[in-house]
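Single-structure report; data block below.
Predicted model, so just to flag it, every value in this text is computed and none were measured. Proteins get letters first, then strands, A, B, ... in listed order; numbering begins at 1 in each. As a basis for the values below, the full set of heavy atoms in this structure was taken, side chains included, without hydrogen atoms, waters or symmetry mates.
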Amino acid sequence: MKVKEIKNGLLLEDIQHFEAKHIFECGQCFRWKAEEDGSYTGVAYGKILNVKSDAEKGTVVLNNTNRSDFEKIWYSYFDFGRDYGKIKEVLSKDEVLKEAIQHGQGIRILNQEPWEIIISFIISANNNIPRISKSIDRLSEMFGEPLECAGKNCYSFPDATQLAKADIEQISLCGTGYRYKYIYQTARMIAQGEVDLDRISELKLEEARKELLKLPGVGPKVADCIMLFAMQKHDSYPVDVWVKRVTEHYYIHQEVSMKQIQEFARDKFAGLAGFAQQYLFYYARGQKLK
DNA sequence: AAACAGGAACCAC
DNA sequence: GTGGTTCCTGTT
């Protein structure tokens, strides 16, 4: 990878396995919005960034950033230190995944902030992506810090302290439905240090899940998402309806319990289960698999 | 306009 | 620990 400074940003060259659409639309994040020119704009770690990828040229343009933030934030955020070619090579031994990877070849698993991901996925329970995004935007507008930018959506995601001292009635105005209580209670538990996210991040999958399940609004699926998208637990295999459908349809050939799906994934994909899950999820949604 | 989509909590058993 | 029901809101 080559990093060149350009006006107001960076040009990355010799990039493989990176497509903005695949990355931002594979269900792992909610704050990145598609622009008319095919780029995406979003907020993470309190910074606004615009991303445009060109798979043919092998380039990525990062707008509104600099070399220092790239090294501090975005290199890790976009998981540039990982060899996706190797992951794909291993997973492609399976015919279904080979096909799925062709559809989502530019997927990468972002390294997101645990706190934001916890709240985002509490909101995701029994919900759909447009509504989840809207709720997160409203939470940020109401309780986050304003960021310098030209358009809309320019607020950082509020931290746990900010939400813990918020009026619970105000949280309920963010379109989160009955989940507002969970958001508030979880914020309080974390703000008060009752739950230590850094500590949980260090634990192994099963132990970390047990801890995360103590948070109100966090069940098995949400815990698995938090671990995969914000705690680098790449052996996590979150099973939502789409992943359940795609796993049953292509591998098990009958309806089974959530537990059986997870056992299957653990045996079949082992440490790469999380990557397999992302390729399969994106594939299933693209196929509108029923 | 009624039906549907989507995970967790909660309560029986 | 498993199964059924309810929670809220945007879309069809």
Rounded to whole Å, please give me the gap between [atom1] in [X] and [atom2] in [N].
X        : N      : atom1 : atom2 : result
A/Arg131 : B/dG7  : CZ    : C1'   : 12 Å
A/Arg138 : C/dC8  : CZ    : C1'   : 12 Å
A/Asn127 : C/dG10 : CG    : P     : 9 Å
A/Met258 : B/dG6  : CE    : C1'   : 11 Å
A/Ile118 : B/dG7  : CD1   : C1'   : 17 Å
A/Leu173 : C/dT9  : CG    : P     : 10 Å
A/Asn128 : B/dG7  : CG    : P     : 10 Å
A/Glu255 : C/dG3  : CD    : P     : 13 Å

Next item on the list: State, to the nearest 10°, the angle formed by the axis through the first five base pairs of the helix from B/dA2-C/dT12 to B/dC13-C/dG1 and the axis through its last five.
Entry: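 Answer rounded to 10°: the end axes differ by 30°.
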Notebook entry, point to check: Between A/Asp224 and A/Lys233, does at least one N-O distance fall below 4.0 Å, as a salt bridge requires?
Noted result: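 Looking at A/Lys233 together with A/Asp224, the answer is no, because their closest N to O distance does not fall below 4.0 Å.
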Checklist line | Cationic N near anionic O, under 4.0 Å, A/Glu206 to A/Arg209 | finding: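 A/Arg209 and A/Glu206: salt-bridged.
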Next item on the list: May I ask you to verify if any side-chain N or O of A/Arg179 is less than 4.0 angstrom from the OP1 or OP2 atom of C/dT6?
Entry: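 For A/Arg179, the contact criterion (side-chain N or O under 4.0 Å from OP1 or OP2 of C/dT6) is not met.
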Next item on the list: May I ask you to evaluate whether A/Trp242 reaches the phosphate of B/dA5, defined as a side-chain N or O under 4.0 Å from OP1 or OP2?
Entry: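 For B/dA5, neither OP1 nor OP2 has a side-chain N or O of A/Trp242 closer than 4.0 Å.
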Check: Is the gap between the ring centers of A/Tyr282 and A/His103 under 6.0 Å?
Finding: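 No: the rings miss the under 6.0 Å criterion.
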Note to self: Using the ring centroid of each side chain, check whether A/Phe157 and A/Phe30 are separated by less than 6.0 Å.
What the structure shows: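 Ring-ring flag for A/Phe157/A/Phe30: false, centres at least 6.0 Å apart.
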Check: Backbone N or O of A/Gln260 within a donor-acceptor pair of the A/Ser257 side chain at under 3.5 Å?
Finding: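 Yes.
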Notebook entry, point to check: Taking the inter-plane angle between the rings of A/Tyr77 and A/Trp32 on a 0 to 90° scale, is it parallel (under 30°), tilted (30 to 60°) or perpendicular (over 60°)?
Noted result: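 Rings of A/Tyr77 and A/Trp32: tilted, as their planes differ by 30° to 60°.
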Check: Should the pair A/Phe24 and A/Tyr40 be assigned to parallel (<30°), tilted (30 to 60°) or perpendicular (>60°) ring geometry?
Finding: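 Geometry flag for A/Tyr40 against A/Phe24: tilted rings.
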Next item on the list: Would you give the length of the straight line joining atom CD of A/Glu248 to atom CD1 of A/Ile261, rounded to the nearest 0.5 angstrom?
Entry: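 The CD atom of A/Glu248 sits 4.0 Å away from the CD1 atom of A/Ile261.
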Distances under 3.5 Å only, N/O to N/O: pair up the protein atoms with those of nucleotides 8-10 of chain B.
| from | atom 1 | to | atom 2 | distance (Å) |
| --- | --- | --- | --- | --- |
| B/dA8 | OP1 | A/Gly219 | N | 3.2 |
| B/dA8 | OP1 | A/Gly219 | O | 3.3 |
| B/dA8 | OP1 | A/Lys221 | N | 3.3 |
| B/dA8 | OP1 | A/Val222 | N | 2.8 |
| B/dA9 | OP1 | A/Gly217 | N | 2.6 |

Next item on the list: Mind checking ring-ring contact (aromatic ring centres under 6.0 Å, His included) for A/Phe18 and listing every partner two or more places apart, or none if nothing turns up?
Entry: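 If we apply the ring-ring contact (aromatic ring centres under 6.0 Å, His included) test to A/Phe18, skipping adjacent residues, the hits are A/Phe78, A/Phe80.
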